[in-house]
Structure formats: C-alpha cells, structure tokens
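A quick write-up on the structure given underneath.
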Amino acid sequence: MVKVRKRMMLICALLFCVLSIVPVSAAVSHVQDDALLFDEGEIQAIEEALQELEQDTGWEAYVFTTEDTSGRSTQRYGEYAFDACTDARSGVAFVVDMQNREIALVDFEEATEYLSDARIDDILDDAYGYASDGDYAQSVLSMIRGVGHYYEEGRVGANRLTLSDILIALGAAVAVGGIFYGVTVGKYRLHFDTYKYDYHKNNQMHLGVKSDSYLRQTVTHQHIERESSGGSSGKSGGGTTTHTGAGGRKTGGGSRKF
C-alpha cells in the first residue's frame, strides 16, 4: 500500500513538472479594445456574440476600437487590423474609431457575397443610434446581429424558397387544377352517355402553301461608352462594392459618422 502511494505521488510530481514546462497559450481575444470603451461584462458579451457568429458562418470575426488610426480611414484601419490578427480569408471586422467618431463594418472574401452595400447600410443604420448615445458595446452587438441576420438571409441575389413558400405554391397549384377539372367535367357530364363524336365526318385536314415575302431589314448600330470598373462593382442594383485589400483579400464594407 505504501509502495502504491509513493508511486502515485511520483506520477503526480512528474505531471506537475511537465505542466510547468509546457507553456499554456491563452485564448486569443477577438475584442481589441484599445480605446477602452468596454467594461469586462461588455467584452464577455461581445466575445460570445462573435463566437456564435463564427460558428454559424465559418468566418473569423473581430472587434477593434481605437483612438489613433495612424492616418488610415476607419475602414482601412479595420482591414489592416484584421490582416494583422489572422491568415483567414473570409471574415468581418467591426470598428469603433474614436479619433474620427466613426463606426465601420469591413467584410472579406465569402462575407462580401452576403453583405451588399444596401445590407451594410441597414446594419450601420441600426448601430448608429447606439454609438451616438455613447453605448458602444450595443452598437457593436447590433452590427454583429445584423451580419448574422443577413447570413441567414443568404447570398445577395440568391432566390431562397422557404417551406411555407413551397406549401403555398403547391396548394395554389392543386386548387387551380381542381377548379379546371371540375369545370371541364361539369361541362361535358351531360353528354357522356348520349354524345358520340363522328371522326369520319369531322376529322378533316387542309394543307396549303404559305409564302412570306421578305421586304427589307434595317439595323441601327449605336456605340455605348462603358466606364472602367477599376476593380470595384457599382452600388446600383443592390450590388457589392469591393477591392483587393490587405493580404490580397477581396474586401468590402461601409462606415458611418456618429
């Protein structure tokens, strides 16, 4: 019994030595609050919201606050801050820029397929009021929820049929088919037993020759000037404006002063 106890103590001592030698890496925070805008509870709430968004989308998501963008625009700051944090291609960055009094949402690669310019404007519209009132945590949380909402909506321009849409369409088709069948049967029901179609008398085919005279054709050509896109798509038609950003990623986004 004494030998067993000594052996267990030796194993525990060895484990302690191993654990003390192997460095334990701390979890990387996805909230970099350089402007010190959030308290501990708010940081925890934002971290949880970011983790949920990452699990749902497969992207990476970060929040940055700053009082000094080093001469960059708010969006550009978020773009480079994201690139400094990760090698991931797809993701989103949420920025609260106290130097320029501006919030920004920056999206990368696959995220740009879900966040059109119009959708980003809607997200910023909802977050703007919180930032103006000084509630920066809620402003960020609002942007995170907005991105999650539009991810659920699907890619920009994709037509998605819900179960209710399918059931309504099937119901309408059955109803129209039933009405057509009922009208047709009711119309001819009285003739089923007494009426007989005379195929020999009524089955006639007349063949003739028809010719078309080609007169003339006039074609007008007009040259239409097109603007060079310069690597960006226009905002009209619910499109997404993107450029090649930091790390070579396809990058989009928007910002709003508060």
Side-chain angles (χ1 to χ4, degrees), residues 27-66 74-75 77-79 81-82 85-86 88-98 100-160 162-164 235 238-242 249-258:
V28 177
S29 174
H30 284 210
V31 180
Q32 297 191 10
D33 184 22
D34 294 341
L36 303 178
L37 302 179
F38 312 131
D39 60 32
E40 290 184 5
E42 290 172 335
I43 290 177
Q44 182 177 353
I46 294 171
E47 286 276 12
E48 291 174 355
L50 291 174
Q51 289 175 11
E52 182 177 351
L53 180 64
E54 290 183 335
Q55 290 172 1
D56 291 341
T57 62
W59 309 335
E60 288 203 14
Y62 292 85
V63 169
F64 306 104
T65 73
T66 184
T74 307
Q75 284 182 250
Y77 177 86
E79 178 182 325
F82 181 91
C85 288
T86 179
R89 304 301 298 171
S90 299
V92 284
F94 307 95
V95 184
V96 181
D97 174 8
M98 298 305 294
N100 298 301
R101 303 289 296 178
E102 193 168 6
I103 56 174
L105 191 167
V106 189
D107 52 341
F108 307 91
E109 293 292 345
E110 187 183 66
T112 65
E113 300 174 14
Y114 291 82
L115 299 173
S116 65
D117 296 330
R119 288 180 172 186
I120 290 173
D121 283 342
D122 287 340
I123 293 171
L124 294 174
D125 284 344
D126 292 337
Y128 161 80
Y130 293 111
S132 296
D133 293 338
D135 194 345
Y136 305 112
Q138 283 302 320
S139 179
V140 167
L141 288 169
S142 176
M143 288 192 284
I144 297 171
R145 288 191 295 266
V147 170
H149 167 74
Y150 282 119
Y151 178 80
E152 292 295 329
E153 286 286 309
R155 285 178 167 83
V156 177
N159 295 321
R160 300 180 63 196
T162 64
L163 179 60
S164 61
K235 289 191 176 185
T240 304
T241 304
T242 62
R249 299 176 183 85
K250 180 170 72 172
T251 305
S255 64
R256 186 69 48 82
K257 294 281 188 179
F258 63 88

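Start at 1 with the first residue, then count along the sequence.
To the nearest 0.5 Å, the span separating CD1 on I120 from OG1 on T112 amounts to 9.0 Å. Remark: Y130 OH to Y136 OH distance equals 15.0 Å, nearest 0.5 Å. Note: S116 OG to D122 CG = 8.0 Å, rounded to the nearest 0.5 Å.
Using modelled atom types, one side-chain atom of R249 and one backbone atom of A88 make a donor-acceptor pair closer than 3.5 Å. Under the 3.5 Å distance criterion, the side-chain polar atoms of E48 are left unmatched by any main-chain donor or acceptor of A45. Not one N or O on the side chain of S139 forms a donor-acceptor pair closer than 3.5 Å with the backbone of D135. D97 contributes no side-chain N or O that, together with a main-chain N or O of R101, makes up a donor-acceptor pair within less than 3.5 Å. For the pair D107 (side chain) and G252 (backbone), a donor-acceptor distance under 3.5 Å is present. Put simply, the side chain of E54 gets close to the backbone of A61: a donor and an acceptor are under 3.5 Å apart. A donor-acceptor pair is defined here as one N or O able to donate and one able to accept, closer than 3.5 Å; no such pair exists between the side chain of S255 and the backbone of A104.
E79 approaches T251 most closely through the heavy-atom pair OE1-CG2, 3.9 Å. Of all the heavy atoms in L124 and R256, the pair that sits closest is CB-NH2, 3.8 Å. A pairwise comparison of heavy atoms in I123 and G146 identifies CD1-C, 3.7 Å as the closest pair. E47 and S29 make their closest contact through OE2-OG, 2.7 Å (heavy atoms, listed as atom of the first residue, atom of the second, distance). The two atoms that bring A49 and L141 nearest to each other are CB-CD2, 3.7 Å, heavy atoms only. In terms of heavy atoms, M98 sits closest to A35 at CG-CB, 4.1 Å.
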Would E109 and R89 count as a salt bridge (charged side-chain N to carboxylate O under 4.0 Å, His left out) if you check the C-alpha gap in whole Å, the side-chain angles of each, and the deciding distance to 0.1 Å? CA-CA 6 Å; E109 293 292 345; R89 304 301 298 171; 3.5 Å; yes
Decide side-chain contact (heavy atoms from CB on, under 4.5 Å) for Q75 and V95; before the verdict, give the C-alpha distance in whole Å, the side-chain angles of both, and the deciding distance to 0.1 Å. CA-CA 8 Å; Q75 284 182 250; V95 184; over 6 Å; no
Is there a side-chain hydrogen bond (donor to acceptor under 3.5 Å, both in side chains) between D126 and S142 once you walk through the steps? CA-CA 7 Å; D126 292 337; S142 176; 5.2 Å; no
Show your reasoning for whether side-chain contact (heavy atoms from CB on, under 4.5 Å) applies to I144 and I46. CA-CA 9 Å; I144 297 171; I46 294 171; 4.2 Å; yes
Going through the checks in order, is the side-chain hydrogen bond (donor to acceptor under 3.5 Å, both in side chains) test met by T74 and E102? CA-CA 7 Å; T74 307; E102 193 168 6; 3.0 Å; yes
Step-by-step salt bridge (charged side-chain N to carboxylate O under 4.0 Å, His left out) determination, R145 to E52: CA-CA 10 Å; R145 288 191 295 266; E52 182 177 351; over 6 Å; no
Given the rule in the side-chain hydrogen bond (donor to acceptor under 3.5 Å, both in side chains) test, do Q32 and T65 qualify, once you have shown the distances and angles that lead to the verdict? CA-CA 6 Å; Q32 297 191 10; T65 73; over 6 Å; no
Going through the checks in order, is the side-chain hydrogen bond (donor to acceptor under 3.5 Å, both in side chains) test met by H30 and E60? CA-CA 9 Å; H30 284 210; E60 288 203 14; 4.8 Å; no
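Checked against the 6.0 Å centroid criterion, the rings of Y150 and Y114 do not qualify as a close aromatic pair. Ring centroid separation for the pair F82 and Y62 comes in under the 6.0 Å cut-off. Taking the six-membered ring for Trp and the full ring otherwise, F108 and W59 have centroids separated by 6.0 Å or more.
You'll find the side chain of F94 reaches within 4.5 Å of the side chain of L50, heavy atoms only. You'll find the side chain of M143 stays beyond 4.5 Å of the side chain of V63, heavy atoms only. When side chains are defined from C-beta on, K257 counts as touching N100, because their heavy atoms get closer than 4.5 Å. At least one side-chain heavy atom of V140 sits under 4.5 Å from a side-chain heavy atom of V96.
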